[in-house]
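To start, the structure under review is shown below, and the notes come after it.
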Amino acid sequence: MAREFQGPKGTRDFYPRDMALRRHIEAAWRHSSIVHGFEEIDGPTFEHLDLYTVKSGDGIVSELFSFRRAGGEDDYALRPEFTPTLARMVAAKAGGLPHPIKWFAIPSHFRAERPQRGRLREFLQWNVDLLGIDGAQAEIEVLSTAIVALERLGLSPSDVRVKLSHRGVVSAALRSLGVREDRMADAFTLLDRRDKLDAAAFSARAAEMGLGAGGLEAFARVARARFPAASAVQAMREATGCTDADAAPIAAVLDGLKAAGLDAWCDVDLGIVRGLAYYTGSVFEVHEASGGERAVAGGGRYDGLVEMFGGPRTPAVGLGMGDVVLALVLRDRGKLPADEGESLLPRPDAFFISAEGDSSDRMLPGLLASLRRGGLHVRQSYKSTRNVGKLLADAGKCRARKAVILGAELADGMVQVKDLDRNEQVVVALHDLAQHLRGE
RNA sequence: GCGGCCGUAGCUCAGUCGGUAGAGCGCCGGGUUGUGAUCCUGGAUGUCGCGGGUUCAAGUCCCGUCGGUCGCCCCA
């Protein structure tokens, strides 16, 4: 008895066009990673459950797909992020790895959340990690890698913005605004929630942190301010009263981005907090310019993480970029083909039409095999009709560049080759066919 | 975990007052004029998401459930 099956909630089926779009994105990620000197790694799709609770606490379990083998006693979880695996891998090899460590990965991840816009239960996330460098060079390289990938996908600084912040700089700025030291964590939480609270609620919460009227207003302004990279240090000083020394960690990153010619993509946004988890310095996010979507990417410096997983203290900067929001932004911005990926599918070099009869039928398999061994992408029809018009329609439907018609000219060792893009047709000798199809 | 909206052919949808299922496009096969077309012809489109209830009778009304979508919580 046939049953109807549905895919699990929040998962995707990748039909050929979908897969072509996915490979398009992955190719940009991989390319940018490689030209920046990162090497590709991967790890297991599931890990011991402990690996995630060590970093994120027991509360994380409800967000995970965790399981136990029937009859087993070990708890596992499908990986919800890659960083713990990476930290484990680094810790395991400890001193044996040449520094700096520059790795990237494009694994799938799983989270047991209710799906919504930009958020699914299974998704791809590109991870770029640079370990072993204390200075801003690490941030600059990781951000450059992200920006070059976005650029390769057709995006520009008017489409997406890289928003930079820094835990230490924000603390200093908040102190100079008058936030009490013991309320600093609350102030960070409030910054993180700036877009979820209305003005009144925001002010009420801010007032609890010891801010006077002037400081309150400045805090509200700073929480939402974006300072263009070129003038950010001065603007931060004016808006928050922090010193040049306070702003130095961000200034170092900005200087490097400017030297690399990437500052046009970047703003300083002190409202970027990224939870209270494990970031120890820089934090950054990439957003669609209008702010309408979830973050395209997020990351920062996490100097304590490898140590947490049993390795030596290792400075580290990492970035994660998910495919779901990125694809939405690319679509929003018109950077995906209008044909839903059709034009990203591989095009056959030639589509063969056996029009002559039995003798052309007999020679076709050998001809195709020979061309394929030579690296050409060639196809044939599976229809029984000899209707050349229909078979040419077939050729067009599979996006073939050329159609090769095996017709009466076979008697002279010739075939007709029709360029389907230009609608031009020539007669070519069989022994020149491979060369002709290669465009030589 | 909570809430809004949605669910009929592959797609877009129609389906009246409750009376056993429709159109267009697309798809597949065949034929004709040899050249992606036109024309002719044939075909599958489907447990109306699924399950229950009301009814003589449910795509239609009610309940539940699954899935999609958008939001809340959370967001590593």
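Each chain gets a letter, A, B and so on, in the order the sequences are listed, and its residues count up from 1.
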Expressed in whole Å, how much space separates the [atom1] atoms belonging to [N] and [M]?
N: B/C48; M: B/A9; atom1: C1'; result: 10 Å
N: B/C66; M: B/G29; atom1: P; result: 40 Å
N: B/U38; M: B/A57; atom1: P; result: 50 Å
N: B/C28; M: B/U45; atom1: C1'; result: 11 Å
N: B/G68; M: B/G49; atom1: C1'; result: 11 Å
N: B/A58; M: B/G18; atom1: C1'; result: 6 Å
N: B/C5; M: B/U47; atom1: P; result: 27 Å
N: B/C70; M: B/G59; atom1: P; result: 31 Å

Would you mind telling me which of B/A76, B/A37, B/U35 lies closest to the side-chain atoms of A/Y278?
-> B/A76
When both hydrogen-bonding distances must be under 3.5 Å and the geometry is Watson-Crick or G-U wobble, what is [N] paired with, if anything?
N: B/C48; value: none
N: B/G67; value: B/C6
N: B/G24; value: B/C11
N: B/G59; value: none
N: B/U38; value: none
N: B/U16; value: none
N: B/C74; value: none

Quick one: the side chain of A/K390 and the base of B/G36, do they pair up donor-acceptor inside 3.5 Å?
-> no
Any side-chain donor near an acceptor of the partner, A/S156 and A/D159, under 3.5 Å = yes
Taking [atom1] from [X] and [atom2] from [N], how many angstroms apart are they, rounded to a whole number?
X: A/R379; N: B/G36; atom1: CZ; atom2: P; answer: 21 Å
X: A/Y302; N: B/A76; atom1: OH; atom2: C1'; answer: 12 Å
X: A/E47; N: B/A76; atom1: CD; atom2: C1'; answer: 15 Å
X: A/F352; N: B/U35; atom1: CZ; atom2: C1'; answer: 17 Å
X: A/R17; N: B/G10; atom1: CZ; atom2: P; answer: 17 Å
X: A/D419; N: B/G36; atom1: CG; atom2: P; answer: 15 Å

Does [X] pair with [Y] as a salt bridge, N-O distance under 4.0 Å?
X: A/D42; Y: A/R79; answer: yes
X: A/D267; Y: A/K163; answer: no
X: A/R12; Y: A/E122; answer: no
X: A/R117; Y: A/E293; answer: yes

Under 4.0 Å, counting only non-hydrogen atoms across every strand here, what does [X] touch: a base, just sugar-phosphate, or nothing?
X: A/L391; result: nothing
X: A/I353; result: nothing
X: A/A393; result: sugar-phosphate
X: A/D394; result: nothing

For A/K418 and for A/L64, locate the closest nucleotide of RNA chain B by heavy-atom distance; then report the residue assigned to the nucleotide nearer the 5' terminus.
-> A/K418
Passing option when A/R294 is tested against A/E288, A/E285, A/Q116, A/H287 for side-chain hydrogen bond (donor to acceptor under 3.5 Å, both in side chains) = A/Q116
Crowded around A/R313 CZ? As in, over 12 foreign heavy atoms under 6.0 Å?
-> yes
Do other residues, nucleotides or ligands put more than 12 heavy atoms under 6.0 Å from A/E39 CD?
-> no
Taking protein heavy atoms under 4.0 Å as touching, what does nucleotides 64-75 of chain B look like 5' to 3' if B marks base contact, S marks sugar-phosphate-only contact and - marks none?
-> --SSSBSBBBBB
Grab the two heavy atoms, one from A/L164 and one from A/C266, that are nearest each other, plus how far apart they are.
-> CD1-CB, 4.3 Å
